[in-house]
Amino acid sequence: MQGMSQTKKVNQLQTVNLKVNGVSYEKEVEARVLLSDFLRHELSLTGTHVGCEHGVCGACTVLLDGQPVRSCLTLAAQVSGKEVQTVESLAGPDGELSTLQKAFWEYQGLQCGFCTPGILMTAEAFLEENPQPTREEIREVLGGHICRCTGYHDIVDSIEAAARAKVASKEAAASK
């Protein structure tokens with residue numbers, strides 16, 4: 001009997017209030033729904049990829065209140081009252097690529113693209129905290145991501161180029 005009451009609790013619906021990419025949502029979800037599934041299936045934000053479903057590969061990384069998290073290890077109910085950013089948030093409203101996305105394009109930082117959304121989100125948060133990283137620091141932050149195509153060299157080049165471009169843009173704006 002005790003196991004049955006636990007099953008009922010797991011299947012109960014919970015209301016989740018959150019902001020995703022600047023848009024507020026209120027949805028009822030089962031308590032066990034993962035954030036990755038919520039984003040992909042409830043909000044149709046399919047840029048967040050699900051790879052290993054164990055938090056190892058990093059493909060599902062999103063920003064939760066500005067910090068990278070594995071959405072395959074996070075319950076949607078846990079993020080109520082918080083702000084989530086997915087890879088879809090990086091491009092401008094007109095679809096113009098962000099500085100980081102442009103760098104990945106220009107420096108061939110992607111091959112198949114499966115790991116790219118998670119890497120972009122981690123890099124976005126990383127460059128906010130460390131606008132002028134060394135190549136070693138970039139490699140260290142990439143340690144939580146698995147890319148089977150590039151060998152990481154072009155990804156490091158891309159992040160390094162984005163950092164330079166962001167610093168140059170800030171300096172140009174400051175000199176005006």
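Values below: every heavy atom of this structure, side chains too, minus hydrogens, waters and symmetry copies.
Remark: side-chain polar atoms of N21 are paired, donor with acceptor, to backbone N or O of T86 under 3.5 angstrom. H49 places a side-chain N or O within donor-acceptor distance of the main-chain N or O of F114, the cut-off being under 3.5 Å. Q85 places no side-chain N or O within donor-acceptor distance of the main-chain N or O of E83, the cut-off being under 3.5 Å. Panel note: side chain Q101, backbone S98; a donor-acceptor pair is recorded below 3.5 Å. Under a 3.5 Å cut-off, the side chain of T61 and the backbone N or O of G58 do form a donor-acceptor pair. Within the 3.5 Å criterion, the main-chain N or O of T134 finds a donor-acceptor partner in the side chain of E137. Remark: the backbone N or O of V20 is not paired with any side-chain donor or acceptor of Y25 at under 3.5 angstrom. Looking at T122, its side chain never comes within 3.5 Å of a backbone N or O of I119 through a donor-acceptor pair.
For the 3.5 Å distance criterion, the side chains of T48 and R40 fail to qualify, holding no donor opposite an acceptor.
Side chains of R135 and H153 form a contact here, defined as non-hydrogen atoms less than 4.5 Å apart. A 4.5 Å side-chain heavy-atom check between T15 and S80 finds every atom pair outside the cut-off. Looking only at side-chain heavy atoms (C-beta outward), N17 and S24 stay at 4.5 Å or farther from each other. Put simply, the side chain of Q12 does not reach to within 4.5 Å of the side chain of R32, judged on heavy atoms. At least one side-chain heavy atom of L90 sits less than 4.5 Å from a side-chain heavy atom of M121. Using a 4.5 Å cut-off on side-chain heavy atoms (C-beta onward), L34 and T74 make no contact. Looking at heavy atoms from C-beta onward, C147 lies in side-chain contact with I155 at the 4.5 angstrom threshold.
Environment of CD in E140: sparse, with no more than 12 heavy atoms of neighbouring residues, nucleotides or ligands closer than 6.0 Å. For R164, the CZ atom sits in a packed shell: over 12 heavy atoms of surrounding residues, nucleotides or ligands are nearer than 6.0 Å. The number of heavy atoms from other shown groups lying within 6.0 Å of NZ (K102) is above 12.
Put simply, Y152 and L127 are part of the same group of oily side chains (I, L, V, M, F, W, Y) that touch within less than 4.5 Å, one to the next. Placement of L18 and V87 in two distinct hydrophobic clusters is found when ILVMFWY residues are connected by side-chain heavy-atom separations under 4.5 Å, directly or transitively. In terms of hydrophobic clustering, with Ile, Leu, Val, Met, Phe, Trp and Tyr side chains grouped at heavy-atom distances under 4.5 Å, L120 and L110 are assigned to a common cluster. Each of V84 and L75 belongs to its own hydrophobic cluster when Ile, Leu, Val, Met, Phe, Trp and Tyr are linked at side-chain heavy-atom distances under 4.5 angstrom. In terms of hydrophobic clustering, with Ile, Leu, Val, Met, Phe, Trp and Tyr side chains grouped at heavy-atom distances under 4.5 Å, Y107 and V156 are assigned to different clusters.
Separating the CZ atom in F104 from the OG1 atom in T116 is a distance of 6.5 Å, to the nearest 0.5 Å. Annotation: the span from E129 atom CD to F126 atom CZ amounts to 8.5 Å, rounded to 0.5 Å.
The two residues A103 and S158 have their closest heavy-atom pair at CB-O, 3.2 Å. Closest of all the heavy-atom pairs between E28 and L13 is OE1-CD1, 3.4 Å. The nearest pair of heavy atoms linking I146 to C115 is O-CB, 3.5 Å. Of all heavy-atom pairs between D154 and Q108, the closest is CB-O, 3.1 Å. The nearest pair of heavy atoms linking A123 to L100 is CB-CD2, 3.8 Å. The minimum heavy-atom distance linking C57 with G51 is given by the pair SG-CA, 3.8 Å.
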side-chain contact (heavy atoms from CB on, under 4.5 Å) assessment of V62 paired with V69: CA-CA 6 Å; V62 297; V69 298; 3.8 Å; yes
Decide yes or no on side-chain contact (heavy atoms from CB on, under 4.5 Å) for K27 and Q14, but give the supporting numbers first. CA-CA 8 Å; K27 296 246 184 198; Q14 294 189 352; over 6 Å; no
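Residues K166 and E124 are paired through a salt bridge, judged by an N-O separation under 4.0 Å between the basic side chain and the carboxylate.
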